[in-house]
Q: 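First the structure, then my questions, so here it is.
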Amino acid sequence: MRWSLGLIAAAVVATPALAHTPYLLPNTFDATGRDHVTIQASFTETFFSPDVVMKSDDFKLIGPDGVEAALSPTYFKDLAILEAGTAKDGTWRITSGHRVGRTAKAALVNGQWEFLDPGRPVPAGVTAVDMQSLTTAETYVTRGAPNDAALKPYAKGLEFRPITHPSSVFVGKPAQFEVLLEGKPLAKQVINIYREGQDADGGKPLAVTSDAQGRFAVTLDRPGVFLAMTRYRIAPEGAAPGRSLTYALTFEAGE
């Protein structure tokens with residue numbers, strides 16, 4: 001497949017994911033005529049095959065009126081299953097919330113934070129620090145006509161603000177987003193783009209870098225389910241560990 005990244009910033013070929021990536025995957029993105037959708041929540045290195053169950057105390061559904069409701073997961077070994085009611089027309093946001101993950105050792109190597117292999121000694125000259133993982137996975141579904149109430153940013157942690165409505169992404173048309181960190185645009189941030197089934201057909205993930213206003217865009221040349229993911233690492237402050245923030249958005253591109 002030839003990817004076309006219509007880009008406010010420059011595109012580069014990305015390396016494969018080195019860590020499991022969180023995702024939420026609804027059984028449908030078009031909830032028209034439905035009173036519920038079912039969502040799987042997991043971590044994977046092969047999209048979208050569940051590998052490690054995602055657990056969260058903060059799974060939520062945000063309705064077309066902006067009202068939040070807790071979701072109760074059912075946990076299995078490889079994935080969690082959520083059922084979200086979609087009784088009203090409009091756009092619904094399903095989120096894992098801001099998950100606090102494991103703390104591991106990391107080091108600043110050539111200006112980049114890298115996690116260290118726990119089974120190997122720390123390399124000479126490298127100072128290891130504690131780094132805590134914080135992840136958020138989200139998706140949107142729409143019943144009837146889309147609306148914007150559920151798209152409002154949290155202004156907390158790492159997130160995407162949709163400029164193009166996530167339920168209005170179509171092949172051949174640029175879909176635009178803004179990367180935010182604590183509610184402020186994040187410039188020069190690399191966003192990885194994955195496609196369902198790319199591993200089976202030899203496709204490669206790509207990456208795009210946000211511009212000075214934190215914006216990026218992608219133009220897709222085939223329909224399907226995609227995941228846009230970014231990570232941002234923050235050095236430790238005082239006795240507090242560093243933070244490795246991950247945000248992942250699953251969306252569908254229509255014809």
Q: For the residue pair Thr86 and Ala31, what are the closest heavy atoms and their distance?
A: OG1-CB, 4.0 Å
Q: Indicate the atoms forming the closest heavy-atom contact of Ala248 with Pro22, along with that distance.
A: CB-O, 3.2 Å
Q: Given side chains that start at C-beta, do those of Leu134 and Val100 come closer than 4.5 Å, heavy atoms only?
A: yes
Q: Report the residues that fulfil ring-ring contact (aromatic ring centres under 6.0 Å, His included) with Phe43, sequence neighbours left out, ordered by chain and then residue number.
A: none
Q: Report yes or no: does Thr103 contribute a side-chain atom to a donor-acceptor pair with the main-chain N or O of Met131 at less than 3.5 Å?
A: no
Q: Would you check if Leu245 and Ile234 make a side-chain contact, meaning some heavy-atom pair closer than 4.5 Å?
A: yes
Q: Answer whether the closest heavy-atom distance between the side chains of Ile62 and Val67 falls below 4.5 Å.
A: no
Q: Under 6.0 Å between ring centres: does that hold for Phe160 and Tyr247?
A: yes
Q: Counting only heavy atoms not in Lys173, do more than 12 fall under 6.0 Å of its NZ?
A: no
Q: Is it true that Glu182 and Arg243 make a salt bridge, defined as a side-chain N closer than 4.0 Å to a carboxylate O?
A: yes
Q: Strictly below 4.0 Å, N to O, side chains only: are Glu138 and Arg93 in salt-bridge contact?
A: yes
Q: Do Asp130 and Lys105 meet the salt-bridge criterion of a basic N to acidic O distance under 4.0 Å?
A: yes
Q: I'd like to know if the side chain of Thr44 reaches the main chain of Ser49, judged simply by a donor and an acceptor atom lying under 3.5 Å from each other, with no hydrogens or angles considered.
A: yes
Q: Quick one about Ser56 and Arg99 (side-chain donor to acceptor, distance below 3.5 Å, no hydrogens or angles considered), yes or no?
A: no
Q: Less than 4.5 Å apart, side chain to side chain, heavy atoms only: is that true for Leu227 and Thr21?
A: yes
Q: Go through Asp65 and Lys88 one step at a time and tell me if the salt bridge (Lys or Arg N to Asp or Glu O under 4.0 Å) criterion holds.
A: CA-CA 9 Å; Asp65 52 6; Lys88 299 177 181 178; 3.2 Å; yes
Q: Working note: Gln189 + Thr230, criterion side chain to side chain donor-acceptor pair (under 3.5 Å); need CA distance, chi angles, decisive distance, verdict.
A: CA-CA 8 Å; Gln189 178 69 10; Thr230 193; 2.6 Å; yes
Q: Side chain to side chain donor-acceptor pair (under 3.5 Å) between Thr32 and Asp30: does it pass, once the steps are laid out?
A: CA-CA 6 Å; Thr32 302; Asp30 182 1; 2.6 Å; yes
Q: Between Phe251 and Tyr140, does the ring centroid distance fall short of 6.0 Å?
A: no
Q: Measure from the side-chain N and O atoms of Thr139 to the backbone N and O of Thr250, and report whether any donor-acceptor pair falls under 3.5 Å.
A: yes
Q: Which pair of heavy atoms, one from Leu180 and one from Gly183, lies closest together, and at what distance?
A: CD2-O, 4.0 Å
Q: For Tyr23 and Gln40, run side-chain contact (heavy atoms from CB on, under 4.5 Å): C-alpha distance rounded to whole Å, both residues' side-chain angles, the deciding distance at 0.1 Å, then the answer.
A: CA-CA 8 Å; Tyr23 73 88; Gln40 62 173 255; 2.5 Å; yes
Q: Would you check, one step at a time, whether the test ring pair (Phe, Tyr, Trp, His ring centres under 6.0 Å) holds for Phe177 with Phe216?
A: CA-CA 6 Å; Phe177 302 87; Phe216 70 97; 5.5 Å; yes
Q: Would you please test Thr136 and Thr95 for side-chain contact (heavy atoms from CB on, under 4.5 Å) and show each step?
A: CA-CA 7 Å; Thr136 302; Thr95 180; 4.0 Å; yes
Q: Could you go step by step and tell me if His165 and Thr91 meet the side-chain contact (heavy atoms from CB on, under 4.5 Å) rule?
A: CA-CA 9 Å; His165 195 286; Thr91 299; 3.0 Å; yes
Q: Using 0.5 Å steps for rounding, measure from the CG atom of Leu181 to the OH atom of Tyr232.
A: 6.0 Å
Q: Closest approach of Leu79 and Pro50, non-hydrogen atoms and distance?
A: CB-CB, 3.9 Å
Q: On a heavy-atom basis, which atom in Leu24 and which in Ser96 lie closest, and how many Å separate them?
A: CD1-N, 3.9 Å
Q: Identify the heavy atoms of Ile94 and Ala84 that sit nearest to each other, and give their distance.
A: CG1-CB, 4.5 Å
Q: Step by step, would you call Glu83 with Arg34 a salt bridge (Lys or Arg N to Asp or Glu O under 4.0 Å)?
A: CA-CA 12 Å; Glu83 191 171 85; Arg34 298 178 58 93; over 6 Å; no
Q: Pairs in or reaching into residues 79-98: which pass ring-ring contact (aromatic ring centres under 6.0 Å, His included), with residues at least two apart or in two chains?
A: His98-Tyr154
Q: Any side-chain heavy atom of Ser210 within less than 4.5 Å of one from Arg215?
A: no
Q: Among Asn192, Thr135, Thr246, find the one that has a side-chain hydrogen bond (donor to acceptor under 3.5 Å, both in side chains) with Arg231.
A: Thr246
Q: Short question: side chain of Gln198, backbone of Tyr194 - any donor-acceptor pair under 3.5 Å?
A: no
Q: What residues, two or more places apart in sequence or in another chain, satisfy salt bridge (charged side-chain N to carboxylate O under 4.0 Å, His left out) together with Asp57?
A: none
Q: Would Ser167 and Thr142 count as having a side-chain donor-acceptor pair, cut-off 3.5 Å?
A: yes
Q: Donor-acceptor check, side chain of Asp211 to backbone of Gly214, threshold 3.5 angstrom: yes or no?
A: yes
